[in-house]
Amino acid sequence: MTTSLQALLAGWISGQRWFAGKGRAIDELTVISDIELTDDDPGMRHLVLAVRQGENVDHYQLLVGLRAELPDRLRHVEIGPVEFAGRTAVAYDGLHDTALTRLLLRAMSGGEDFGGLRFRGDAGLRTDLRSLVVTAEQSNTSLVFGDIYILKLFRRLNAGLNPELEIVSALAERGSPHVARPYGHIELEGTTCAILQEFLAGASDGWSLATTSVRDFYASPEGLGAADVGGDFAAEAERLGAATAEVHQELAAAFPTGELDRDDLVLLATGMHKRLEHALSEVAEMAPYAEGIMRVFDALAMLGRAETVQRVHGDYHLGQVMRTTDRWVVLDFEGEPGQPLAERRALSSPLRDVAGMLRSFEYAARHLLVPEAGAAEPAAGSDQALEEARAAEWAAHNRAAFMNGYATGGTDPRDHAVLLRALELDKAVYEVLYEARNRPSWLRIPLGSLEEYRQP
Ligand SMILES: Nc1ncnc2c1ncn2[C@@H]1O[C@H](COP(=O)(O)OP(=O)(O)O)[C@@H](O)[C@H]1O
Ligand SMILES: O=P(O)(O)O[C@H]1O[C@H](CO)[C@@H](O[C@H]2O[C@H](CO)[C@@H](O)[C@H](O)[C@H]2O)[C@H](O)[C@H]1O
């Protein structure tokens with residue numbers, strides 16, 4: 001590849017939604033791997049770029065399409081004209097070209113290798129399907145093939161086996177009904193580049209279902225409880241709790257487990273304190289809540305009992321679960337974005353996921369109270385105090401249902417109140433930072449649910 005392509009790529013990549021280093025200058029961009037997948041017209045090359053911004057270096061993968069002439073339908077994903085191997089072509093994001101993406105299915109089905117880039121998949125894969133790029137995602141790019149498969153391509157590569165592939169493969173092998181079946185993957189020298197899975201056509205994600213229920217409750221006549229309205233979500237929350245407990249049992253059976261003793265709990269609490277301090281240094285609005293939160297972390301450090309640890313989801317919320325006609329399916333076992341792989345694969349309390357989902361019920365209940373969060377402006381004459389009370393009621397009702405469902409698996413989260421509270425607060429601290437960085441108008445949502453910790 002020529003240096004001119006590198007210059008072009010630096011300009012192009014900084015404008016991409018999935019580029020994590022937005023707003024900071026690119027100091028250096030190097031093509032560290034360049035593998036030709038086809039030299040036809042259209043041609044396709046798999047590139048890995050090392051992008052340096054100050055001290056930080058991130059690796060991104062691209063599937064670059066090359067055509068002598070770019071048809072109008074691909075104009076919106078043009079990278080620019082390039083020259084290499086004596087050939088002049090127009091480079092573009094190949095994931096938007098159905099003529100190229102079909103080759104990915106074929107290569108997976110045939111188990112093909114291109115240098116260190118290995119395609120693996122079920123031999124019976126359908127290879128005749130057209131792909132559509134899923135537009136909603138931000139950090140990765142997914143292609144849906146004919147409503148049958150979804151291929152998730154990681155844009156930013158983390159060295160090693162991706163926990164999503166590791167966990168989904170292990171759970172599917174055990175016959176779990178709660179994961180989307182894996183059909184194939186692409187890897188580059190041991191690093192997972194993409195995963196092909198069953199597409200859950202017609203399923204709805206938990207966030208949409210929960211927020212629809214919240215809207216119904218808000219629109220219901222005063223005096224009705226959360227359990228009395230048509231869109232009551234509690235039965236679903238309970239099923240989700242039971243499914244979550246089953247997934248945890250499957251994870252405990254498929255991977256190693258361990259125990260946190262007193263010293264480990266002190267370490268865990270120390271980590272929580274550190275994350276809180278970091279959030280305080282970046283988000284001034286956090287200050288009034290700090291002391292109250294620290295007291296809970298201190299209580300965890302003094303807990304005189306052991307707690308079990310195992311592989312967990314790690315970033316569990318309503319946007320990560322989908323309801324099909326007959327079950328809840330859990331997606332995206334990648335752990336917390338931004339954490340190194342080793343940490344994302346580390347054993348943790350399963351209550352961490354329970355805490356994540358409980359926080360998500362708080363989010364669903366409260367996001368209508370923040371007009372900038374995408375909700376409609378509050379209706380004229382709406383009563384803020386009544387809405388706050390309704391948000392609290394909806395959250396409490398569904399949190400209880402979720403925990404009832406989870407308890408059917410044998411562990412009632414309420415029997416581990418100190419750990420659960422600390423984990424919820426740790427997640428809220430993470431969310432405060434996440435919102436301040438990504439969606440400042442949503443910051444009021446995690447802060448709103450910390451009200452009981454606010455110091456005057
Ligand atoms: N197997 C699937 N079937 C149907 N839709 C899916 C599937 N996997 C992901 N999706 C859709 O894509 C969205 C994002 O998927 P996810 O794996 O969570 O990506 P990200 O890591 O970018 O958040 C989900 O909320 C869901 O709407
Ligand atoms: O789904 P991701 O792996 O990208 O997770 C990140 O983004 C989430 C936002 O989509 C964020 O979740 C927070 O907002 C959700 C509503 O949009 C809410 O349901 C979650 O409870 C809340 O944490 C997640 O924290 C972040 O890691």
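Keep in mind it's a predicted model, so treat the numbers as computed, not measured.
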[X] vs [Y] aromatic rings, parallel, tilted or perpendicular, using cut-offs 30° and 60°?
| X | Y | result |
| --- | --- | --- |
| H313 | F333 | tilted |
| Y316 | H248 | tilted |
| F19 | Y60 | tilted |

Salt-bridge criterion met for [X] and [Y] (N-O under 4.0 Å):
| X | Y | value |
| --- | --- | --- |
| R366 | E388 | yes |
| E336 | R352 | yes |
| R323 | E236 | yes |
| D58 | K22 | no |
| E334 | K152 | yes |
| R305 | E307 | yes |
| R399 | E424 | yes |
| E387 | R390 | no |
| E285 | R444 | no |

Does the side chain of [X] pick up a donor-acceptor pair with the side chain of [Y] at under 3.5 Å?
| X | Y | value |
| --- | --- | --- |
| T141 | R155 | yes |
| H273 | D298 | yes |
| E435 | Y363 | yes |

Are side-chain heavy atoms of F233 and H397 found at a separation under 4.5 Å? no
Quick one: are S349 and L419 in side-chain contact, heavy atoms under 4.5 Å? yes
A quick test of your reading: do over 12 heavy atoms of other residues, nucleotides or ligands sit less than 6.0 Å from CZ of R130? no
Does E173 CD have over 12 foreign heavy atoms under 6.0 Å away? no
Please step through salt bridge (Lys or Arg N to Asp or Glu O under 4.0 Å) for the pair D72 and R75, ending with a clear verdict. CA-CA 5 Å; D72 282 347; R75 205 56 74 206; 3.8 Å; yes
Flag the pair F145 / F199 as yes when their ring centroid distance falls below 6.0 Å, and as no otherwise. no
Which residue is it: T101, T98, D97? I am looking for the one with a side-chain hydrogen bond (donor to acceptor under 3.5 Å, both in side chains) to S131. T101
